[in-house]
Participant: 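My structure is below; once you've seen it, I'll send some questions.
Each chain gets a letter, A, B and so on, in the order its sequence line appears, and its residues count up from 1.
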Amino acid sequence: MTTPDTTRYDFQAIEEKWRTHWLTNKSFKVSTDPGRKKYYLLEMFPYPSGRIHMGHVRNYTIGDVVARYQRMRGMNVIHPMGWDAFGLPAENAAIKHNTHPAKWTFENIDYMKGQLQRMGLSYDWDRELATCTPEYYRWEQLFFTKMYEKGLVYQKVTTVNWCETCQTVLANEQVIDGTCWRCDQPVMPREMNGWFFKITAYADELLADCDRLTGWPEKVLTMQRNWIGKSVGAEINFPLASGAGALTIFTTRPDTVFGATFMSVAPEHPLVVELSRGTGQEAAVREFVERTRQEKQRRKPDEEVEKEGVFTGGYCVNPFTGDKLPVYAANFVLMEYGTGAVMAVPAHDQRDFEFARKYQLPITVVVQPAGEPLDPGTMAAAHEGSGTLVASGSFTSLDSQAAKKAITDHAAKEGFGQGRTTYRLRDWGISRQRYWGAPIPMLYCEQCGVQPVPEKDLPVTLPTDVQFEKSGKSPLHTLESFYRTTCPKCGGEARRETDTMDTFVESSWYFARYACPQFTDGPLEKQAVDYWLPVDQYIGGVEHAILHLLYSRFFTKVLRDLGYLTVDEPFTNLLTQGMVIKDGSKMSKSKGNVVDPNELIDRYGADTVRLFSLFAAPPERDLDWNDQGVEGAYRFLNRIYRFVNDRLATLHAAPTAIPTELNEASRSLHRKTHQTIRKVSGDLDGKFHFNTAISAVMELTNTLFTLTAEETKEAVEPAVARAAVETILILLSPMVPHLTAELWQRIGHGESLDGLPWPAFDPAAAKEEELTIVVQICGKVRSRLAVAPDTDEEQLRALALADDKVQKFMEGKPARKVIVVPNKLINIVV
RNA sequence: GCCCAGGUGGCGGAACUGGUAGACGCAAGGGACUUAAAAUCCCUCGAUGCUUCGCAUUGUGCGGGUUCGAUUCCCGCCCUGGGCACCA
């Protein structure tokens with residue numbers, strides 16, 4: 001594997017030389033420079049799990065090409081890298097191997113940093129940060145207390161998602177199909193006290209600004225819009241038939257209120273028990289509530305459940321009609337959404353329709369679509385569309401759109417309702433019952449209640465002298481030296497919060513800290529963040545479509561409102577790259593199809609690995625890893641190496657100026673050179689078509705080989721050959737940085753390839769001398785003509801009609817119509 | 001069920017705003033070099049047919065349509081991947 005092979009280039013020596021060169025010269029260090037145009041390129045930072053995997057290789061290679069390309073385009077490129085260093089795996093590893101999470105984490109960072117450097121990635125390492133250091137999380141704690149002051153952080157006891165395996169709570173976004181995003185184990189509901197970020201306060205803005213994110217994939221925006229789930233409607237109070245109080249419902253269809261024939265409430269609804277009292281339904285209701293609660297726990301994530309309910313024994317009154325409506329507890333009504341109660345309009349809601357049929361409840365049509373009148377007795381399904389109102393009192397004959405507003409206004413005027421918008425989005429629960437995270441900077445005083453830790457006392461440092469339990473229970477909960485403290489207000493005894501923050505909090509603002517990672521006077525240095533933000537291009541996996549990307553958008557808006565940032569959105573353009581798969585499925589240890597980047601780099605070098613991961617598939621698609629394909633990429637680089645290295649003297653001696661008079665072979669190569677610059681520039685400029693860009697360079701290389709082969713009759717002008725070689729090196733340099741830098745130097749350049757500007761192409765040189773025009777007869781290709789570019793239509797028509805093959809296929813029939821597309825084709829219809 | 005992507009040779013993938021389908025690479029086959037192998041270089045490579053050095057027919061998931069011309073646009077369907085799924 002590592003045996004010296006004289007027929008292959010020595011990538012090991014070359015890559016080490018340039019890696020060292022870039023690191024010792026800090027070639028990619030940047031600073032704030034208002035005189036220059038900035039470009040912020042960011043890839044999602046990794047969790048230091050131990051080693052780099054192929055997904056990282058792909059992600060960071062793509063990013064590096066863009067960074068290097070933009071640098072060559074003259075931009076002041078910030079390209080930082082750091083570590084998402086808090087998280088459960090560190091804690092679990094620590095428990096298992098009897099070490100400390102910090103030790104484990106920093107060792108992993110060390111190793112992985114070495115791996116990234118081996119790949120030749122052009123980071124400004126001076127901006128490196130690790131989120132588990134107090135220098136980082138102290139600012140996060142400051143944000144927390146500032147948000148608390150603004151009412152954007154609050155505490156509540158609620159039903160949360162508990163992961164038994166991870167021994168902690170998860171936010172809604174972190175529950176995927178009913179299972180934990182991290183360990184795939186089922187999540188259980190549990191009543192708990194916890195801290196919440198009021199992301200719902202930004203729901204409207206987060207939704208509205210989706211329209212401004214034109215540089216994001218539509219797919220991701222759709223997912224975010226769905227997740228936020230805005231519904232505009234009304235809240236209406238239905239007074240209880242007996243006793244005081246009312247049942248408040250939320251509906252998006254106030255226009256159907258006259259068609260309500262019963263009410264449905266969630267089994268957990270606080271009024272359920274009260275309604276049944278003294279009606280003889282108590283036992284039935286109790287039994288139903290208990291049974292649905294248990295079923296809910298047992299239920300599989302995507303299981304379809306039959307609609308079921310029980311009459312509570314109570315009634316309420318429709319404020320519009322005065323009708324007495326029975327109240328049912330129903331298993332499909334969610335306590336967490338809206339008000340936990342709905343008015344049931346079976347004629348116009350499919351769920352209510354099914355429920356009504358099952359329990360023989362009346363169906364009243366109040367929205368009539370154009371055409372056949374609806375018959376409640378024979379309807380097969382609810383009519384959920386719009387129409388004209390019928391049997392709706394004074395609102396009859398309005399169309400449903402107008403009726404929505406009229407009915408809502410009426411309810412508001414009469415004082416039993418109002419317009420309301422609800423969201424599917426829930427507040428972000430950030431309390432984690434584990435150790436390896438940023439401590440929540442709050443404390444509890446018997447006298448003064450809940451208190452934020454004052455700014456002067458920050459950071460609340462995570463203690464390191466801790467013992468871990470096998471159970472995974474956080475040692476902080478029982479560490480007296482940590483939780484015992486004094487109240488900043490009264491000086492009395494107080495207890496610290498022992499939960500830590502969700503690690504998604506750290507990744508919600510790291511991109512801003514990169515602008516000023518060493519700044520100590522505050523979290524963000526105004527001048528630096530104002531210059532560098534927003535991120536111009538963000539690159540990462542689509543699995544964060546909601547999670548990290550939504551949280552980051554929220555945090556950006558919060559930090560803006562706290563006065564730290566001036567931007568509304570963190571990431572202007574987003575590229576979501578596909579997975580790296582092997583043999584048709586995701587790489588996994590159990591499948592035994594894992595490819596280790598280290599082995600690949602040992603065997604072929606970083607340049608080859610980079611080249612193949614760019615060449616094998618377009619970035620947003622899944623990449624099927626193929627060992628033979630890697631060989632192909634390696635062969636290509638060897639071909640270039642050999643060509644240049646075998647002709648060093650000639651290339652060295654070649655003049656740089658292209659002579660004005662060139663023979664055919666030289667013109668041909670010169671033309672191909674400029675066509676390639678045109679093609680590659682087009683493919684890289686905001687498009688990320690790395691695979692076709694590489695193809696184009698391969699074509700140029702093939703042309704160069706063919707035209708300079710010994711047996712050719714015409715010698716290529718040395719200046720032209722040299723220009724072709726240099727073009728190949730320059731165009732390839734963002735993708736294959738080590739080898740191109742080396743060869744550039746060997747052909748006699750003093751200055752480094754890194755600082756070189758991207759080449760411009762000469763349109764005149766790129767222009768073809770001769771074009772092939774296809775001649776079709778009735779749409780079928782029958783002949784080809786070689787003509788000069790821009791030959792006019794008349795001439796093309798004449799040439800085509802005079803062509804031997806064309807004459808043959810026309811069989812003497814007259815041309816009915818001749819379509820001429822200049823520089824492309826001629827189609828003759830007979 | 002609903003909403004997005006996507007379906008092109010043996011494989012990964014090209015094809016600009018409708019204009020030569022299959023660039024580039026991989027695999028395969030044949031040849032050159034070599035004592036031999038590796039490496040390298042050259043040639044062939046969608047399918048079918050024929051009177052086989054060339055030509056014809058056919059071909060981009062399936063069925064229609066628009067057009068002089070459709071992988072590309074429109075309608076209907078099938079399959080694969082992803083997301084959402086009682087959200088009132």
Participant: Only pairs under 3.5 Å count here: list side-chain donor-acceptor contacts from residues 777-785 of chain A, not counting sequence neighbours, and write none if there are none.
Facilitator:
| from | atom 1 | to | atom 2 | distance (Å) |
| --- | --- | --- | --- | --- |
| Ser783(A) | OG | Asp803(A) | OD2 | 3.0 |

Participant: Return the value, rounded to whole Å, for the distance between atom CD of Glu235(A) and atom P of C87(B).
Facilitator: 18 Å
Participant: Give RNA chain B the dot-bracket treatment, 5' to 3': Watson-Crick (N1-N3 with N6-O4 or O6-N4) or G-U (N1-O2, O6-N3) under 3.5 Å, [ ] crossing, | other strand.
Facilitator: (((((((..(((......[....))).(((((.......))))).(((((...)))))..(((((..]....))))))))))))....
Participant: Assess, by modelled atom type and distance only, whether the side chains of Tyr337(A) and Thr422(A) contain a donor and an acceptor separated by less than 3.5 Å.
Facilitator: yes
Participant: According to salt bridge (charged side-chain N to carboxylate O under 4.0 Å, His left out), who are the partners of Glu218(A), at least two apart in sequence or on a separate chain?
Facilitator: Arg225(A)
Participant: Would you mind classifying the nucleic acid contact of Val333(A) as base, sugar-phosphate or nothing, using non-hydrogen atoms under 4.0 angstrom?
Facilitator: base
Participant: Suppose you measure atom P in C79(B) against the same atom in A70(B); what distance do you get, rounded to whole Å?
Facilitator: 28 Å
Participant: Using the C1' atom as the reference point in each nucleotide, state the distance between G31(B) and G10(B) in Å, no decimals.
Facilitator: 23 Å
Participant: Side-chain donor-acceptor pairs under 3.5 Å in residues 253-263 of chain A, sequence neighbours left out?
Facilitator:
| from | atom 1 | to | atom 2 | distance (Å) |
| --- | --- | --- | --- | --- |
| Arg253(A) | NE | Asp255(A) | OD1 | 3.0 |
| Arg253(A) | NE | Asp255(A) | OD2 | 3.3 |
| Arg253(A) | NH1 | Glu384(A) | O | 2.8 |
| Arg253(A) | NH2 | Asp255(A) | OD2 | 2.9 |
| Arg253(A) | NH2 | Gly385(A) | O | 3.4 |
| Thr256(A) | OG1 | Arg253(A) | O | 2.8 |
| Thr261(A) | OG1 | Pro362(A) | O | 2.9 |

Participant: Figure out the CG/P separation between Leu623(A) and C11(B), and round it to whole Å.
Facilitator: 17 Å
Participant: Might you list the N or O atoms of the protein lying below 3.5 Å from N or O atoms in nucleotides 4-10 of chain B, with each pair's distance?
Facilitator:
none

Participant: Can you tell me how far P of C84(B) sits from CG of Asn172(A), to the nearest Å?
Facilitator: 13 Å
Participant: Compare side-chain N and O positions of Arg225(A) against OP1 and OP2 of C3(B) and report whether any pair is under 4.0 Å apart.
Facilitator: no
Participant: Output yes when Arg603(A) and Asp627(A) qualify as a salt bridge under the 4.0 Å nitrogen-oxygen rule, no when they do not.
Facilitator: no
Participant: Show every ring-ring contact (aromatic ring centres under 6.0 Å, His included) that has at least one partner inside residues 671-698 of chain A, sequence neighbours left out.
Facilitator: His670(A)-His674(A)
Participant: Can you check the Leu825(A) CG to G18(B) C1' distance for me, whole Å?
Facilitator: 11 Å
Participant: How would you list, by chain and number, every residue that makes a salt bridge (charged side-chain N to carboxylate O under 4.0 Å, His left out) with Lys358(A), sequence neighbours excluded?
Facilitator: Glu306(A)
Participant: Please tell me if Arg351(A) has a side-chain N or O lying less than 4.0 Å from either OP1 or OP2 of C87(B).
Facilitator: yes
Participant: Rounding to an integer number of Å, can you tell me how far Arg420(A) CZ sits from A88(B) P?
Facilitator: 12 Å
Participant: Could you work out, with ring pair (Phe, Tyr, Trp, His ring centres under 6.0 Å) as the rule, every residue matching Phe643(A), not counting sequence neighbours?
Facilitator: Phe705(A)
Participant: In whole angstrom, what separates Phe636(A)'s CZ from C41(B)'s P?
Facilitator: 12 Å
Participant: Mind checking if Gln776(A) touches a base, just sugar-phosphate, or nothing, with heavy atoms under 4.0 Å?
Facilitator: base
Participant: May I have the distance from His544(A) (atom NE2) to G82(B) (atom C1'), rounded to whole angstrom?
Facilitator: 16 Å
Participant: Between U40(B), C87(B), G19(B), which one does the side chain of Lys824(A) approach most closely?
Facilitator: G19(B)
Participant: Nearest to the side chain of Val821(A), which nucleotide is it out of C68(B), G19(B), C87(B)?
Facilitator: G19(B)
Participant: Which nucleotide wins on minimum distance to the side chain of Phe332(A), given the candidates C86(B), C87(B), G19(B)?
Facilitator: C86(B)
Participant: Taking only residues two or more places apart in sequence, or in another chain, which ones meet Lys230(A) in a salt bridge (charged side-chain N to carboxylate O under 4.0 Å, His left out)?
Facilitator: Asp204(A)
Participant: Within the sub-3.5 Å range, which N or O atoms of nucleotides 23-26 of chain B have a protein N or O partner, and how far apart are they?
Facilitator:
| from | atom 1 | to | atom 2 | distance (Å) |
| --- | --- | --- | --- | --- |
| A23(B) | O2' | Glu699(A) | OE2 | 2.7 |
| A23(B) | N1 | Ser695(A) | OG | 3.4 |
| G25(B) | OP1 | Asn702(A) | ND2 | 3.3 |
| C26(B) | OP1 | Arg635(A) | NE | 3.1 |
| C26(B) | OP1 | Arg635(A) | NH2 | 2.7 |

Participant: For a quick check of understanding: with a heavy-atom distance under 4.0 Å over all strands, which category does Asp352(A) fall into, base, sugar-phosphate or nothing?
Facilitator: nothing
Participant: Could you work out the separation of C74(B) and G18(B) based on their P atoms and round it to a whole Å?
Facilitator: 11 Å
Participant: Does the pair Glu354(A)/Arg357(A) count as a salt bridge with the N-to-O cut at 4.0 Å?
Facilitator: no
Participant: I would like to know whether Glu699(A) and Lys679(A) meet salt bridge (charged side-chain N to carboxylate O under 4.0 Å, His left out); could you show each step before the answer?
Facilitator: CA-CA 11 Å; Glu699(A) 282 188 51; Lys679(A) 169 75 177 151; over 6 Å; no
Participant: Determine the Euclidean distance between corresponding C1' atoms of U71(B) and G9(B); express it in Å to zero decimal places.
Facilitator: 14 Å
Participant: Can you check nucleotides 43-53 of chain B for protein contacts, nitrogen or oxygen pairs under 3.5 Å, and list what you find?
Facilitator:
none

Participant: Given G12(B), C87(B), C68(B), identify the nucleotide with an atom nearest to the side chain of Ala616(A).
Facilitator: G12(B)
Participant: Polar-atom pairs under 3.5 Å, protein N or O versus N or O of nucleotides 54-60 of chain B: list them with distances, or write none.
Facilitator:
| from | atom 1 | to | atom 2 | distance (Å) |
| --- | --- | --- | --- | --- |
| U57(B) | OP1 | Arg782(A) | NH2 | 3.2 |
| U57(B) | OP2 | Arg782(A) | NH1 | 3.3 |
| U58(B) | OP2 | Lys780(A) | NZ | 3.3 |

Participant: Using a 4.0 Å heavy-atom cut-off, does Pro618(A) contact any base of the nucleic acid, only the sugar-phosphate backbone, or nothing at all?
Facilitator: sugar-phosphate
